[in-house]
Amino acid sequence: MNFRTLSAQPLVEQMRNNLIERVNLLKSKGLTPRMGIVLVGDNPASLTYIKNKRKACELVGAQFELHQWNDQIGPEEFLANLEALKNNPDIHGIIIQLPVPEQLKHLDLTNLVSPEKDIDGFHGMNTQLLFKGCRELENLLPCTPKGIVRLLQHYNIAVEGKEVLVIGRSLIVGKPLSMLLSNYNATVTIAHSKTKDLIRYTKNADIVISAVGKVNLLTAKHFSPERKTTVIDVGINTLNGKLVGDVNFAEVSPLVANISPVPGGVGPMTVISLIENLVIACEKKIKG
Ligand code: GUN
């Protein structure tokens with residue numbers, strides 16, 4: 001089958017141009033969007049993600065500051081430092097880069113950032129929007145789900161009435177994504193590590209979204225060409241020093257209608273959605 005590669009690049013460029021205009025408008029009103037990222041320790045994967053976020057900020061004319069704290073920092077000092085960031089009126093969006101070291105894991109991390117600065121979209125006040133049926137993407141919704149919905153829309157892949165399988169039930173991707181897609185009238189099934197007979201589900205879905213983080217989780221045996229499936233690969237894994245997703249692209253692509261690449265698919269959509277959230281947070285500050 002001739003498959004289509006759902007590259008993020010054209011959409012990212014379009015979104016970036018829109019964001020540049022919005023940032024310029026904010027600047028003309030005296031506000032420059034500024035992102036503050038908290039990193040505890042020096043996790044190499046986190047440093048790579050942060051580098052991408054910094055670059056994305058700079059490309060739209062937004063500002064960025066990294067607050068890198070010692071990996072031995074105790075909860076009290078961590079909370080005090082964070083309070084200062086929350087109270088800084090020049091910072092419009094805050095991210096606590098995950099994962100954090102053991103001594104901080106008991107903290108209610110997703111609710112520590114004030115909802116109006118929560119550009120990850122993890123705070124209960126923001127995730128609640130999804131429970132209430134929100135599908136309006138100009139809200140502080142979690143970035144990967146937002147990016148995936150925009151990618152599907154860009155390639156005219158309808159979700160209404162479609163069977164969508166989401167593999168993974170994380171707070172960052174699987175759970176909010178399932179809810180958002182159901183708000184768009186998809187019939188959503190959530191599979192996870194205890195799901196029996198995954199093939200039964202992948203073969204019967206119109207859209208399969210894998211957010212697990214396991215190399216070769218999905219291979220040729222999971223798909224039938226007659227189903228004309230769309231595959232969205234959220235996985236970020238390394239194999240022999242290369243970045244790969246959860247899906248074996250070479251095996252699966254000839255069997256499906258649409259497939260997102262890794263790298264160049266969901267990753268860039270997540271980053272541009274984060275920048276969009278920063279701009280939204282800043283715009284809301286003006287609107288009050
Ligand atoms: N670590 C990996 N992905 C993410 C993300 O989307 N947000 C935060 N805060 N940390 C992460």
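The residues of the chain are indexed from 1 along the displayed sequence. Please read all numbers here as calculations on a predicted model, not as lab measurements. All ligand and atom numbering here is 1-based and tracks the order in the structure.
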| Test item: side-chain donor near acceptor, Asn258 and Lys228, under 3.5 Å |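 No - no donor-acceptor pair under 3.5 Å links their side chains.
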| Which residue pairs pass the side chain to side chain donor-acceptor pair (under 3.5 Å) test when at least one of the two sits in residues 197-208, sequence neighbours left out? |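 Qualifying pairs: Asp206-Arg227.
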| task | Indicate the atoms forming the closest heavy-atom contact of His92 with Ala281, along with that distance. | result |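 Shortest heavy-atom separation between His92 and Ala281 comes out as O-CB, 3.5 Å.
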Quick one: ligand 1 N/O to protein N/O pairs below 3.5 Å?
| residue | atom | partner | partner atom | Å |
| --- | --- | --- | --- | --- |
| ligand 1 | 1 (N) | Gln97 | NE2 | 3.3 |
| ligand 1 | 1 (N) | Leu98 | O | 2.9 |
| ligand 1 | 7 (N) | Asp120 | OD1 | 3.1 |
| ligand 1 | 7 (N) | Asp120 | OD2 | 3.4 |
| ligand 1 | 9 (N) | Ile96 | O | 2.8 |
| ligand 1 | 9 (N) | Asp120 | OD2 | 2.7 |
| ligand 1 | 10 (N) | Leu98 | N | 3.0 |

| More than 12 heavy atoms of other residues, nucleotides or ligands under 6.0 Å from NZ of Lys51: is that the case? |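 Count not over threshold, so no.
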| task | Applying side-chain contact (heavy atoms from CB on, under 4.5 Å) between Val164 and each of Ile209, Thr187, Ile190, report the one that passes. | result |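 For Val164, the side-chain contact (heavy atoms from CB on, under 4.5 Å) check succeeds only for Ile209.
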| request: Determine the sole option in Val173, Ile148, Thr189, Leu181 for which the side-chain contact (heavy atoms from CB on, under 4.5 Å) test with Val166 is passed. | output: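 The residue from Val173, Ile148, Thr189, Leu181 that satisfies side-chain contact (heavy atoms from CB on, under 4.5 Å) with Val166 turns out to be Leu181.
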